[in-house]
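In what follows, a single structure is set out as structure tokens and then discussed.
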Amino acid sequence: MTKVVSMQAAIAAHVRDGDTVVIEGFTHLINFAAGHEIIRQGRKNLTLCRLTPDLIYDQMIAAGCAKKLVFSWAGNPGAGSLHAFRRAVEKGTPPLEIEEYSHFGMVARMSAGAARLPFWVMRNYMGTDLPVANPRIRTVTCPYTGEVLATVPALNPDVTIIAAQRADQNGNAQVWGLLGVQKEAAFASKRVIVVVEELVDESVIRADPNRTLIPGMIVDAVVVEPWGCHPSYAQGHYDRDNDFYVAWEDISRDPAKLEQYLKDYVYGVKDRAEYLAKNPGLTDRLKAKAQVCAGVNYGF
Amino acid sequence: MTKVVSMQAAIAAHVRDGDTVVIEGFTHLINFAAGHEIIRQGRKNLTLCRLTPDLIYDQMIAAGCAKKLVFSWAGNPGAGSLHAFRRAVEKGTPPLEIEEYSHFGMVARMSAGAARLPFWVMRNYMGTDLPVANPRIRTVTCPYTGEVLATVPALNPDVTIIAAQRADQNGNAQVWGLLGVQKEAAFASKRVIVVVEELVDESVIRADPNRTLIPGMIVDAVVVEPWGCHPSYAQGHYDRDNDFYVAWEDISRDPAKLEQYLKDYVYGVKDRAEYLAKNPGLTDRLKAKAQVCAGVNYGF
Amino acid sequence: MMAAVAARELQNGEVVFVGIGLPNLACNLARALQAPELVLIYESGAVGAVPERLPVSIGDPSLVTGSLMVCSMADVFQLFLQNGKIEVGFLGGAQVDRYGNINTTVIGNYQKPKVRLPGSGGAAEIAVHAQRVLIISRLNPRAFPAELDFLTSPGQRCKGQSRRALGMPGAGPVKVITDKGILESDPVSGEMVLTAIYPGVTVEDVKANVGWDLRVRDQLDLVTAPSFVELDLLRHKLDPQKLYLG
Amino acid sequence: MMAAVAARELQNGEVVFVGIGLPNLACNLARALQAPELVLIYESGAVGAVPERLPVSIGDPSLVTGSLMVCSMADVFQLFLQNGKIEVGFLGGAQVDRYGNINTTVIGNYQKPKVRLPGSGGAAEIAVHAQRVLIISRLNPRAFPAELDFLTSPGQRCKGQSRRALGMPGAGPVKVITDKGILESDPVSGEMVLTAIYPGVTVEDVKANVGWDLRVRDQLDLVTAPSFVELDLLRHKLDPQKLYLG
């Protein structure tokens, strides 16, 4: 039985007001299409978690979806700030709770969640103000050496949205290029939506099982959404739209411009196809060149 | 500068009397050639660690290399017992200390070693006699929930020997098929020897970086040893020699037969090439059929 | 017979942690019959395996070729097993006690064993985490003693404590499939109770092979003998070399 | 200038954890000159990257194509960084104090910040674990205050305690490379001491831009100006669009 549904149906079924939501992807494979659909469906009071909130959470904060942000680096790399995030934290418009870790801390929280352990151990944070700002960063004593080590609590989201280059209809998903913390986030989550550039036959997955990052058994919905990560990217499919990341500095700095952006590109389109139609030339400009590796022998 | 050396040179340089040694590989990619060379060079007082001691550690125990065995399952799967191991434990001939975990416990010990943490946390062992038999299995209390969880101590071997299908001359090694606990064992270790079926140009590695399991920066020596894993196997190169695993039941049950086996196939040959010459027909019988997967696009 | 009976326990689409030998036969029989979408996971890291030959070991290359996913053993134990994703686990053992506790470690004293067995492997954690565990073991008095020599894998009660009190997530061993009958764990006491016998077997036959005073359910089921289809698949397709079938 | 000076700190074959911006320029300059076998690791998971364009972010696709290895971020932080495999880490920050402690979190009060900065990212753990850390920061009084508003990444002494006492494995920040001179940590006190100045810069220039009473080494080195080769590479090959060069 196929799990393939439209983005509208996947978000309607699996993302609820008040949920703890993870849209992961470290620079690579950040699924903007899902974030836009959550905005369009008017979800409220979400606890948004991610290492790098990136532009998509900046948009969701501006659109009023977020009650709380759990993160480790909130900037626009190489381009500036996430101004909607900054307005929320600096001026309270709109109000936003924050819970802050380092990257390693966020990765560790998801690793604990994925392993269904209540915490994860690391050597970190000594001497810093991070445990002062966030009392959920604690310590544990090693039962062998007596050493005191840092801990972070498990993160177990209600729903995690992961982008992948390809999956079969059961959600067995393959990813190459940067892997980020997607596997851990998906296994930590109660529900998982996989959004793919390409739906493939199960035989394609089975031909190269070492590439599978997410097994279908943990996936609730598969959405086929080519170019769903723009302005983020999908290795082998399309490049990162660095120009848009630079442009965001200007857009997000001005609440009116940001509002106009949402009107034009989120509320003003009904799905990703319409979004692409509103960005003429985009696919020609960013389409990936071919650099295909050789296969390996799985025979015996 | 190349790290490629002969098996003799690699073992002479990196495996010393009294060392804690790991030859990993879960059924797949167990490097018998390295074990045989350790026997030939007469290493003593080794602490041998592995999830499944398998035939190679049975041979090393019989040859008098081992002072201690750290393990989680000591049998000959589907075929019977490791009789040299059993004689050592049941009759003390030769004497052998043991330290015993479950598979998850051994994996966790190597994960801790690889992360340079003194211990690893798991939900396990409650109600069993394993922590009674092995007081290094302890507990820790979660700083968030108060739950008591099991711990195992880190394992940091002196030397780990890993087999891979291919590597470049710096030891950047790629593996497909079963991955076992090789990555964790290698990162946990002070020294690493990588033994490969095929030495390839660095460009082959760089063409498909997601396949790299072990980075060259942690590798001390690269040994090129085709068929080095027989009677274990290398996916895409040759099949497991199940007949030999069955035959081992009979060989290892009789100390005289085992001694004769070592004389003929270990002491009686100077290297893997001579071992293969003593097993005519082997390579024809076990050579893998071709079942090559398609490549993926790394372009942008 | 045991393989056929075990196979009937598996439902289509379930996620099964497969051990070697009879469990492997049972799973592949179930796939060929009522459960074509059974997801087989091996502790070696093969997920969704479709072995085209009967694998001799749980790390056989035929488990990798054509599987859905291959992952590290750290992932197998943390992300699949400890995470609670395994619905059914199979265990066997040299000794099984009245609560389904299993010994696969030693016969005799741990420090000076009479017979050294292989040890836990993944059994201890399968017993803790699988949503339910099926034990497969031939019935004889040595294999079903009143007291284990060593407790390797936890059953329904360990040394007087319940699974819940000990913090074990899975339901533990719910059935013991033997070559004479089936025992099931009592939901209250956790004790293994005889609930079904094979054709031609008497309750006394079973009791004579168990080292404790075995409880017997009032209404005993009669196990249906393997069908022609089951036997044909087992004997001619799944284990033609009789590696595991007696 | 800072990129060129930072590049000179890198030795051939070293394993460097690369941040975005100037550290990335410095590493690629070093690769083009004295350190062709520098191993660049990005926290995004690219190991041994050979970017054919100047990556705008540390997750740029050009870091993946042709790299030696791509791994998960859990592996980056546990197997590479916490394992001690990173020889050099680069850090920058809005505020750097006398012990090389860094603030990248907030200006003002944490609960009600005047300026909310991005936060730690991987900086806190790089500061703990890299074998040595190089700080790159333009010199001005706001960036080098007597007191940090928030301590994100630990330097040589945190709140009166040494790195050793706090259990940090790496040597921490050993140099602060600025646009006027270089500070180095005193091996005993851990304090950052001015040890070299750029051509045309006076000690008073430097001191006027530092919020504490900066110690100055008796024998000050003069930093060699960027060579024609260095400048040419930076301006025409590595950053032709002047993304990071002023």
Side-chain angles (χ1 to χ4, degrees), chain A residues 28 108 111-112 115-123 136-147 149-154 165-166 174-179 204 206-211 213 233-240 286-300, chain B residues 28 108 111-112 115-123 136-147 149-154 165-166 174-179 204 206-211 213 233-240 286-300:
Chain A
H28 185 213
S111 298
R116 292 297 189 276
L117 289 175
F119 69 105
W120 203 256
V121 181
M122 57 205 303
R123 195 175 274 109
R136 303 197 76 198
I137 299 174
R138 298 183 188 167
T139 61
V140 75
T141 302
C142 172
Y144 303 93
T145 63
E147 188 181 0
L149 294 148
T151 61
V152 290
Q165 280 106 334
R166 66 188 181 200
Q174 300 193 325
V175 174
W176 57 96
L178 299 177
L179 307 174
V204 173
R206 289 191 183 275
D208 192 359
N210 282 99
R211 288 238 196 260
L213 189 71
Y233 73 99
Q235 193 95 31
H237 288 263
Y238 45 92
D239 197 358
R240 188 171 188 263
L286 296 172
K287 192 171 169 44
K289 292 180 287 288
Q291 187 155 344
V292 178
C293 69
V296 299
N297 186 8
Y298 277 98
F300 60 89
Chain B
H28 185 214
S111 297
R116 293 296 190 273
L117 289 175
F119 68 106
W120 203 256
V121 181
M122 58 205 302
R123 194 175 276 111
R136 302 196 76 199
I137 298 173
R138 297 183 188 166
T139 60
V140 75
T141 302
C142 172
Y144 302 93
T145 63
E147 188 181 0
L149 294 149
T151 62
V152 291
Q165 279 105 335
R166 65 189 182 199
Q174 299 192 325
V175 174
W176 57 97
L178 299 178
L179 306 173
V204 173
R206 289 190 182 276
D208 192 1
N210 282 98
R211 286 236 197 260
L213 190 72
Y233 74 99
Q235 192 95 30
H237 287 264
Y238 46 91
D239 197 358
R240 188 169 188 262
L286 297 171
K287 193 170 169 44
K289 294 178 286 290
Q291 187 155 345
V292 178
C293 68
V296 298
N297 187 8
Y298 277 98
F300 60 88

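So that the names make sense, note that chain A is the first sequence line, chain B the second, and so on, each numbered from 1.
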Measure distances from B:Y298 to the heavy atoms of chain A and classify the residue's part below 4.5 Å as side chain, backbone, both or neither.
both

Sort out for me which of A:C142, A:A290, A:A115 touches chain B most, counting heavy-atom pairs under 4.5 Å.
A:C142

For A:V296, is it the side chain, the backbone, both, or neither that has a heavy atom closer than 4.5 Å to a heavy atom of chain B?
both

Please flag which part of B:V121 lies under 4.5 Å from any non-hydrogen atom of chain A: side chain, backbone, both or neither.
both

Check: B:L286 main-chain N/O paired with B:D239 side-chain donor or acceptor under 3.5 Å:
no

Please state whether the side chain, the backbone, both or neither of B:R166 comes within less than 4.5 Å of a heavy atom of chain A.
side chain

Side chain, backbone, both or neither: which part of B:P209 has a non-hydrogen atom closer than 4.5 Å to chain A?
neither

Output the option from A:R136, A:R211, A:Q174 having the highest count of non-hydrogen pairs under 4.5 Å with chain B.
A:R211

Per-residue contact mode, A:L178 against chain B (heavy atom under 4.5 angstrom):
neither

Minimum heavy-atom separation for B:A294 to A:D208, with atom names?
O-OD2, 4.3 Å

Pairwise distance CD(A:Q291) to CZ(B:F300) - rounded to 0.5 angstrom
7.5 Å

Portion of B:T151 that has a non-hydrogen atom of chain A nearer than 4.5 angstrom
both

On the 0 to 90° scale, with breaks at 30° and 60°, tag the A:Y144-B:F119 ring pair as parallel, tilted or perpendicular.
tilted

On a heavy-atom basis, which atom in A:G295 and which in B:V292 lie closest, and how many Å separate them?
C-CG1, 3.9 Å

I'd like to know which of A:A207, A:A234, A:G177 tops the heavy-atom pair count under 4.5 Å against chain B.
A:G177

Which answer fits B:Q235, side chain, backbone, both or neither, if we ask what part of it has an atom under 4.5 Å from a heavy atom of chain A?
both

Can you tell me if B:Q165 uses its side chain to pair, donor with acceptor, with the backbone of B:W176 under 3.5 Å?
yes

Is a side-chain N or O of B:K287 found less than 3.5 angstrom from the main chain of B:Y238, in a donor-acceptor match?
no

For the candidates A:A288, A:G299, A:A154, which exhibits the highest count of non-hydrogen atom pairs separated by less than 4.5 Å from chain B?
A:G299

Whether the side chain of A:R123 engages the backbone of B:R116 through a donor-acceptor N/O pair (distance < 3.5 Å, no angle test) should be reported.
yes

